[in-house]
Structure formats: structure tokens, C-alpha cells
Amino acid sequence: MLKLVVLISGTGSNLRALLDASADAEFPARVVAIGADRDAEGLALGEEYGVPTFSVPFTAYPDRDAWGDALIAEVARWEPDVVVLSGLMRLVPPAVVDAFSPHLINTHPAYLPEFPGAHGVRDALAAGVTQTGASLIVVDNSVDGGPIIAQERIPVLPGDTESSLHDRIKPVERRLLIQAVLDIANQHLDLKELARS
Ligand code: GRF
């Protein structure tokens, strides 16, 4: 069984998809803990699915490095095989990358390297492109520039708003994430090899 720790900042809809997938006895991965950098709405999913949660509030630490060290300690005690950043709206400091990457993966609501950063959906809309996408990457020390595990194109439709477009992107992010978790568990995907190439 592949052990996952999932880190969130928001509602955790991608996390819910993973929890639903894990509810199937045949699924080869389990979410062993859910963590957040704030009092995130998605932490409530822990109670709903019987998964332990923890919070390492960013604002409780003097700087990003101190927060990162506390985060590493909390995550590491679950001995995860893979750490999933699923809507964690913070850049993690280098120590976190060193501790977990390449087994540290991130969903992103754009077709990287297009529109990296915190506003991938808004930036795609502002640029007036006719298609954007969803990506799953290995986290490194760049901003959304790590090796691409999987990605898919999604059209921007006339009249799309940030939320309507994001609502169409998220299901694709979930599908890419679940497939990658399956592939890692079944040894069809080797993150170390991907990060080396
Ligand atoms: C996802 O689009 C994720 O890629 C982005 O934030 C969103 C998280 O949504 N960084 P949710 O919390 O899973 O609903």
C-alpha cells in the first residue's frame, strides 16, 4: 500500500477524490494523513473519512524556513511514500524539497510551463488563450517548473469566468492525480527516474 500525506490550503476537492478512490479496497494507496498551512475547510474531510489531520499554520512561525521545518516534522512522522500538494497555496522552502522530492508532487490548474504561480486560471483567462490545461508535476525549487508527470489540455470557452474554468479543470487534475498514484503504486511510474531525466 502506497502511503500518501496530502497537504491543502482550501476546500480539498482534489483530496476528496483521492479519499474516495482510496475507499476502494482494490486501490493501492491510502491517505494516511491530511495537513494544512491554515485552518483549511478541507481538514473537515479528515473526520468524514476517518483520516488524521494536522495543521502547521504558516502565520505561527517567524519565517518560511521555520514553517518548513515544522511541516517536515509533521509530515515525516507518517512515513509517506508520496507527499501530495493538492491546493497548498504556499511555496515550500528548499528544506521541504530536500526532504521529500521527487516524492513530492503538485497539481496545477494550467498547462505548465504556461501560467505558473498562484493564479494559473486567472492568468490564462487574462492572456486570452483558447486553451489551458491541468498539470501534475514533481516539486523542485522552482515555481511550478519541476518535471511534468502528466498534463492535459482543456479549452477556454466563451464567457468562462475564473470559477467556471477552474471547475472544469479540477476534475482533470483529479483524474491525472489518481492515475499517477496508481502508476506509482503499480511501479509503472518511477518519480526518481522522471526527476533524473
Ligand atoms: C486546485 O486547482 C489546485 O491545483 C490549485 O488549487 C486548487 C485546489 O482546489 N493549486 P481544492 O482545494 O482541491 O478544491
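Values in this document were obtained by computation on a predicted structure and should not be read as measured data. In listed order, ligands and their atoms are each counted from 1.
Regarding atom 6 (O) of ligand 1, its nearest protein heavy-atom neighbour is G87 CA, 3.7 Å. In this structure, atom 3 (C) of ligand 1 lies nearest to the protein heavy atom E173 OE1, 3.3 Å.
Ligand 1 has at least one atom lying under 4.0 Å from a heavy atom of T11. Residue contacts with ligand 1 include G12, since one or more of its heavy atoms lies under 4.0 Å from the ligand. At least one heavy atom of H166 sits closer than 4.0 Å to an atom of ligand 1.
Short contacts between ligand 1 and H108, defined as distances under 4.0 Å to a heavy atom of the residue, involve ligand atoms 4 (O). Of all atoms in ligand 1, listed by their number and element, those nearer than 4.0 Å to a heavy atom of S13 are 11 (P), 12 (O), 13 (O), 14 (O). Close approach to T107 involves these atoms of ligand 1, each under 4.0 Å from a residue heavy atom: 3 (C), 4 (O).
Taking the centre and axis of the six-membered ring of F58, the NZ or CZ atom of R38 falls outside the cone set by 45° and 6.0 Å.
Distance alone, capped at 3.5 Å, is enough to place a donor-acceptor pair between the R30 side chain and the F27 backbone. Listed for the R90 side chain is no donor-acceptor partner under 3.5 Å among the backbone atoms of R64. A donor-acceptor pair under 3.5 Å is formed between the side chain of S135 and the backbone N or O of L112.
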**Q.** Intermediate values then yes/no, side chain to side chain contact (heavy atoms under 4.5 Å, CB included), S101 and V138
**A.** CA-CA 7 Å; S101 191; V138 173; 3.6 Å; yes
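If you take OG1 on T53 and CD on E47, they are separated by 8.5 Å, rounding to the nearest 0.5 Å.
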